[in-house]
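As the structure is a computational prediction, the values presented were derived from the model and not from experiment.
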Amino acid sequence: MGKHSTSQKTVGQADSGRKEAQTFAQKALARAAGCETVEVGEVVDVRPDIVLSHDNTAAIREIWQQFGLEQVAIPEKLAITLDHAVPAPTTRHAQNHAEIREFVQEQGIRHFFEVGRGICHQVLSEEALVLPGQTILGADSHTPHFGWLGAFGAGIGRSEVAALWATGELWLRVPESIRIILEGELPKGVTAKDFALRIIGDWGADGGLYASVEFSGSGIVALSVDSRMALANMMAEFGAKASYVPPDGKSVAYLKEALLRRRAREGGVESRDDRLQEIGEMVVFPDEDAAYRDTYCYSSEDLEPTVACPHTVDNVAPLSAVAGTEVQQAFIGTCTNGRLEDIAEAAEIVQGRRVAVGTRLLVIPASSLVLQEAMRQGYIQALVAAGAAIGTPGCGPCMGNHMGVPATGEVTIASANRNFRGRMGTREAEIYLASPAVVAASAVAGRIADPRDIV
């Protein structure tokens, strides 16, 4: 499709700054390594606050067992979620889940989330297991998600997670940082997903390779919490090691509510929660004169609804260029866009309408809390009335091993994060990526459509 003509500017290759000034990534990893400061390119031993795994925990356990250990070093820091194939679709998946439950019991792992609770990144956010300034390392490539709350989140391999289980420590190279500035509120019909796709289209799927992508500007401040999650999450498709959105009143309020909700559920009666105080104390901001590898500036008024076309995430085009493409499946969900804001947008578009004949709409909430609130507000009812199928909170067909995979030759438009050939389980199928609003509008039209044109 070719790339957008860009209206943003690049300010200085290897933006210079005061030598002792630190980026967010430097400050976060210095804290995790117990150092006063760290330098870009330095290799440091970090002690993460949370170590994440999901259905791959059984495979990690096999690697860990080779160390000859009986007890993990940091059971209190492990967080395990069953989300990638839930409920178990085969005996093999069920056995995998059974082995994970056994491991959880053996090791006394407190932070375990069963089938139906939801996708790991959403669930750990809702549980406020990660706070600003902390470091989370996870056996999932979209762990940069936690940048939405001002934490350093990075995806690592299974062997690395096994090493963390054994020692509680892991070496990391301190990444360079890229600064992305967005000024102005997003126009009607334009979302954080569109902005993320624009970034990836402009600079390529490897444009942020092993970098910490740090956002700022009035446009970022204006984003809702749900939108910040989508933006930070999608930076995994930019090749980023981590991402960062400066914490503010919105993110702090979300985390405080989450902590109070968890305390109430666990039967806490304390009048004061120490972790509530920690939120404000742990917030980390980069120094104003820190050095960045690149700085990219965007104006919200120059953004428009954007679609990633088959078969790469950086093969982007304006929505207008692909409008009219017939679709057989529309999918709203995943760790990128399965939140309440996304489901609300979709429900508003389909209200009083029907999914087009020959097209199916699959909606999978990112968590049980999202599902409950979407039902309370009537969004699920509106979607079902329009003909949508609702799935169990989890990843669904995103990685192609569960319910919702397309048939050979079919076209899917999805709010997911990846569209390479075979990603949804069928190699000879096409996947377009777009915002939930575009996905919903396309389901109603039976072809890729602009939600602003649905009247």
Within a radius of less than 6.0 Å around [atom1] of [X], do more than 12 heavy atoms belonging to other residues, nucleotides or ligands occur?
X	atom1	result
Glu288	CD	no
Gln71	CD	yes
Met282	CE	yes
Glu76	CD	yes

Report yes if the side chains of [X] and [Y] come closer than 4.5 Å at any heavy-atom pair, otherwise no.
X	Y	value
Leu223	Leu231	yes
Gln329	Ile413	no
Thr412	Met424	yes
Thr143	Ile136	yes
Tyr298	Ile180	yes
Cys120	His145	no
Asp55	Asp83	yes
Phe146	Tyr244	no

What class does the angle between the rings of Phe103 and Trp64 fall in, given that below 30° is parallel, 30 to 60° is tilted and above 60° is perpendicular?
perpendicular

Answer with yes or no whether the side chains of [Y] and [X] bring together a donor and an acceptor at under 3.5 Å.
X	Y	answer
Glu185	Ser300	no
Thr23	Gln26	yes
Tyr296	Asp202	no
Trp148	Ser251	no
Thr37	Gln22	no
Thr336	Asn417	yes

Less than 4.0 Å between a side-chain N and a carboxylate O, is that true for [Y] and [X]?
X	Y	value
Arg101	Glu114	yes
Glu126	Arg117	yes
Asp140	Arg158	no
Asp342	Lys193	no
Arg418	Glu237	yes
Glu169	Arg47	yes
Lys250	Asp226	no

Salt bridge (Lys or Arg N to Asp or Glu O under 4.0 Å) between Arg61 and Glu106, worked out:
CA-CA 12 Å; Arg61 181 191 188 190; Glu106 287 176 352; 3.2 Å; yes

I need the single residue from Arg179, Glu214, Glu176 that forms a side-chain hydrogen bond (donor to acceptor under 3.5 Å, both in side chains) with Tyr292. Which is it?
Glu214

d(Ile60 CD1, Ser159 OG) to nearest 0.5 Å is 9.0 Å

